[in-house]
Amino acid sequence: MSRILALAYGVASYLAFLASLLYAVGFVGDLLVPRSVDAGRPRSPMGVAVPVDLLLLGLFAVPHSVMARPWFKRRWTRFVPPPVERSTYVLTSSLLLGLLFWQWRPIPIVIWHIDNPVGRWLMGAIFWAGWALVLVSTFLIDHFDLFGLRQVYLHATGRPYTPIEFKTPGPYRYVRHPLMTGFLLAFWATPRMTAGHLLFAGATTVYILIALRFEERYLVGFHGERYEAYREQAGMLLPSLKSRKQ
Ligand SMILES: C[S@@+](CC[C@H](N)C(=O)[O-])C[C@H]1O[C@@H](n2cnc3c(N)ncnc32)[C@H](O)[C@@H]1O
């Protein structure tokens, strides 16, 4: 694949990611978007909405995790050029997220709602803090590597790809997966929890806990004792008592 074409493809995939991230904020927060977790489609019976929503979540989650596994990368880079492997992963995930946003069936049965202005403000603050933690964490790891731009840029400039180093900047010193902590804060912090939002937050929480097991198995395999020691020092999604003593 020509260097310029690969670069253009990488930029397009990155823009697809950005669009899906921005839409996700509106989708979860029921803000500005035409279709959100709670609105935008005529009401479906629970017997339709629940299986459809779970199918949409599965259609995103399974490829998103399988395509991240080293064995899958070894196989599909036989026909996907390595410099655009990450971009293709990002593009695929973004498109599957778009499908979820487009076809999500709201279940607007209110489970809880907070009327107290301070409580509502607090939920809003946690929601935005969660998204901020997601974004900051991507930059602390290597934002442009995570979303494929670094790979196509190195390819375009004729330099070999180098994997990102293990690092524990900022919150990573205390928490192994602050990016996922940010998602969980954003998904759960709402002053008005509907059955549909609860399904989304619950299912994504289960998915994150499962996916982190696979990710950590890979990290231990790749970084060895260093990551093992890290697991002793830092909590998975919340600071552990040990890490607080540092
Ligand atoms: C989307 S990021 C999420 C990182 C982390 N799981 C989190 O939730 O903050 C996943 C990528 O980050 C890498 N990664 C996870 N922890 C890391 C660390 N402490 N240093 C460098 N890379 C890390 C993983 O190998 C994986 O390629």
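Order of listing sets the numbers, starting from 1, for every ligand and every atom in it. Throughout, residue positions are numbered sequentially from 1 according to the sequence presented.
For the atom pair Y14 OH and F144 CZ, the distance stands at 4.5 Å (nearest 0.5 Å).
Counted by atom type alone, T157 and R159 present one or more donor-acceptor pairs between their side chains at under 3.5 Å. Counted by atom type alone, Y9 and T88 present one or more donor-acceptor pairs between their side chains at under 3.5 Å. Side chains of E228 and H223: a donor-acceptor N/O pair is absent below 3.5 angstrom, by distance only. In the model, Y172 has no side-chain atom that pairs as donor or acceptor with a side-chain atom of H177 under 3.5 Å.
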Check ligand 1 for close polar pairs with the protein: N or O on both sides, less than 3.5 Å.
{"residue": "ligand 1", "atom": "6 (N)", "partner": "H177", "partner atom": "ND1", "Å": "2.6"}
{"residue": "ligand 1", "atom": "6 (N)", "partner": "E215", "partner atom": "OE1", "Å": "3.2"}
{"residue": "ligand 1", "atom": "6 (N)", "partner": "E215", "partner atom": "OE2", "Å": "2.6"}
{"residue": "ligand 1", "atom": "8 (O)", "partner": "M180", "partner atom": "N", "Å": "3.2"}
{"residue": "ligand 1", "atom": "9 (O)", "partner": "Y172", "partner atom": "OH", "Å": "2.6"}
{"residue": "ligand 1", "atom": "9 (O)", "partner": "P178", "partner atom": "N", "Å": "3.4"}
{"residue": "ligand 1", "atom": "9 (O)", "partner": "L179", "partner atom": "N", "Å": "3.0"}
{"residue": "ligand 1", "atom": "19 (N)", "partner": "K167", "partner atom": "O", "Å": "2.7"}
{"residue": "ligand 1", "atom": "20 (N)", "partner": "K167", "partner atom": "N", "Å": "3.0"}
{"residue": "ligand 1", "atom": "20 (N)", "partner": "K167", "partner atom": "O", "Å": "3.3"}

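If you look at W104 and F200, their ring centroids are closer than 6.0 Å.
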